[in-house]
Number of protein chains: 2
Amino acid sequence: MTATEARRAEVRAALIGAAEAAIAAHGLPGLRARDLAKTVGCALGAIYTAFPDLDALIQRVNLRTLAAFEGALGPEDRLAPLPDAGAATGELVRIGLAYLDFARANPLRWRALFQHQPQDGAPPPDWYLVEQARLFRFIEAPLRVLRPDLSPAACALLSRTLFSATHGIVILGLDARLMPLSHDVVRQQLETLIRAMAAGLSAADPGDAA
Amino acid sequence: MTATEARRAEVRAALIGAAEAAIAAHGLPGLRARDLAKTVGCALGAIYTAFPDLDALIQRVNLRTLAAFEGALGPEDRLAPLPDAGAATGELVRIGLAYLDFARANPLRWRALFQHQPQDGAPPPDWYLVEQARLFRFIEAPLRVLRPDLSPAACALLSRTLFSATHGIVILGLDARLMPLSHDVVRQQLETLIRAMAAGLSAADPGDAA
DNA sequence: CAAGGTGGTGAACGTTGTTCATAGAACGGG
DNA sequence: CCCGTTCTATGAACAACGTTCACCACCTTG
């Protein structure tokens with residue numbers, strides 16, 4: 001039994017790797033079941049013994065992308081409390097720029113995180129939300145320094161807002177359809193945005209973000 | 001000659017209308033060539049006499065969506081110069097909230113604006129960029145009041161940044177995958193963001209946005 | 001070693017967008 | 001008014017997709 005299970009696990013891992021390579025090379029439309037089977041060296045139907053469908057496989061790839069970004073964010077000790085508001089603002093800027101850099105370095109894998117939406121309309125699995133929450137801790141840590149008065153729920157909410165604004169800059173800044181922007185210009189715009197928000201948050205009426 | 005041209009134009013208009021309805025009802029994947037032909041009452045191949053492919057048809061629908069949003073922004077005289085910085089900030093907030101409201105009211109048509117990317121990799125046609133530029137004038141007008149020192153190019157760039165941040169809030173705020181947020185919470189977060197950026201812009205070193 | 005069940009196989013299915021030989025309508029000159 | 005020409009709409013056919021399923025081989029077990 002363990003022999004067949006090991007083979008299944010091996011095929012699963014190989015499929016995830018091949019899918020990641022296909023997405024990194026040609027984007028989400030570059031993920032084709034027949035190509036996967038060919039590169040992995042298994043039958044077409046074998047894919048569906050390892051995963052219910054290609055959507056589940058994409059989710060696995062997306063999880064790895066999130067984990068790769070977490071690695072790019074730096075070691076775990078970045079979550080240690082920061083000394084003052086200035087350091088906290090700097091940390092937020094650092095995270096935002098790391099997000100931009102990661103998106104630029106891995107454009108297709110990063111786009112797949114948002115481009116993909118399961119046609120089933122089903123919510124993402126728990127292990128996916130867990131990884132999301134892990135990443136948001138990196139934003140919430142400096143946020144707690146800037147706004148120690150916020151409840152954990154309000155802090156979580158505000159971190160989503162900060163991330164959303166950053167994400168907007170990155171996703172449209174890397175999209176040549178809207179405007180051709182150089183790397184440096186996007187960097188500067190992003191830094192300006194984050195510093196403006198951090199400044200606004202420190203000075204804000206605590207009731208604002210409730 | 002005019003008779004056949006009139007018929008062609010009629011079919012074109014009917015196809016755009018049917019495509020818009022299909023996208024509004026079931027999103028971009030709900031646009032199927034055979035369904036279109038059936039609802040319009042023409043043959044399958046007739047679609048390809050009116051448009052080179054379905055991508056071109058989607059672009060026509062997206063143009064109508066942009067025009068509908070422009071209508072929702074209010075009359076043209078909104079572009080008149082504003083008296084002071086406070087009024088300009090209020091106008092930016094109003095535009096941002098209008099964007100949010102439009103996205104909420106027409107979720108699938110609005111998503112199609114960004115979800116769609118032509119596989120050809122070709123740049124969008126000129127008439128599409130023209131409509132985009134028309135919309136950005138609504139942001140640039142109040143921006144000129146807040147930062148009269150900016151060159152037109154810097155103003156255009158800054159308006160893109162402002163829009164991008166707003167867009168990030170809206171697109172992730174309406175997406176239940178990230179966090180289930182109520183309408184009012186998203187509204188408040190968006191208003192906070194825009195006011196923080198407007199305040200940061202007024203106070204900023206003019207060199208920041210060059 | 002024979003019998004039974006489990007799991008991989010790849011041909012086949014149902015849907016896509018797009019094309020193309022063909023039938024038919026529109027037009028112009030006799 | 002009619003026939004020859006040209007151009008257009010038609011829908012069956014094509015290629016490619018994700019997914020399924022009857023089959024066959026292998027492994028486990030008595």
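All of these numbers come straight from a predicted model, not from anything done at the bench. Every chain is numbered from 1, with letters handed out A, B, ... down the list of sequences.
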**Message:** Taking the minimum atom-to-atom distance to the side chain of B/L44, which one of D/dT10, D/dA12, C/dT9 wins?
**Reply:** D/dA12
**Item:** Qualifying residues under salt bridge (charged side-chain N to carboxylate O under 4.0 Å, His left out), relative to A/R195, sequence neighbours excluded
**Value:** A/E191
**Request:** Starting at atom NZ of B/K38, determine the distance to atom P of C/dT15, rounded to an integer number of angstrom.
**Result:** 12 Å
**Request:** Please collect all side chain to side chain donor-acceptor pair (under 3.5 Å) contacts where either partner lies in residues 45-61 of chain B, sequence neighbours excluded, each pair once.
**Result:** none
**Item:** Euclidean distance, atom CG of residue A/L57 to atom C1' of D/dT19 [Å, nearest integer]
**Value:** 14 Å
**Request:** Name all residues meeting the side chain to side chain donor-acceptor pair (under 3.5 Å) criterion together with A/E91; count only those two or more places apart in sequence or in a different chain, and write none if there are none.
**Result:** A/R94
**Prompt:** Considering residues at least two apart in sequence or located in another chain, which fulfil the salt bridge (charged side-chain N to carboxylate O under 4.0 Å, His left out) criterion with B/R187?
**Reply:** B/D101
**Message:** Would you call the rings of A/H167 and A/Y99 parallel, tilted or perpendicular, taking 30° and 60° as the class edges?
**Reply:** tilted
**Message:** From CZ of A/R12 over to P of C/dG7, roughly how many Å is that when rounded to an integer?
**Reply:** 15 Å
**Prompt:** In residues 25-37 of chain B, which residues come under 4.0 Å of DNA chain C by heavy atom?
**Reply:** B/L31, B/R32, B/A33, B/R34
**Asked** Quick one: salt bridge (charged side-chain N to carboxylate O under 4.0 Å, His left out) pairs with a partner in residues 19-32 of chain B, sequence neighbours left out?
**Response** B/E20-B/R64, B/E20-B/R109, B/R32-B/D35
**Request:** Go through residues 46-56 of chain A and report each residue with a non-hydrogen atom lying under 4.0 Å from DNA chain C, sorted by number.
**Result:** A/A46, A/T49
**Request:** Can you tell me which residue pairs pass the salt bridge (charged side-chain N to carboxylate O under 4.0 Å, His left out) test with a partner in residues 151-171 of chain A, sequence neighbours excluded?
**Result:** A/E140-A/R160
**Item:** Protein-nucleotide distance (B/L15, atom CG; C/dG17, atom P), rounded to Å
**Value:** 13 Å
**Request:** Can you tell me the distance, in whole Å, between the CZ atom of A/R8 and the P atom of C/dG7?
**Result:** 7 Å
Under 3.5 Å, which donor-acceptor pairs link side chains of residues 124-135 of chain B to any protein atom two or more places apart or in another chain?
{"from": "B/R134", "atom 1": "NE", "to": "B/E70", "atom 2": "OE1", "distance (Å)": "3.3"}
{"from": "B/R134", "atom 1": "NE", "to": "B/E70", "atom 2": "OE2", "distance (Å)": "3.3"}
{"from": "B/R134", "atom 1": "NH2", "to": "B/E70", "atom 2": "OE2", "distance (Å)": "2.6"}

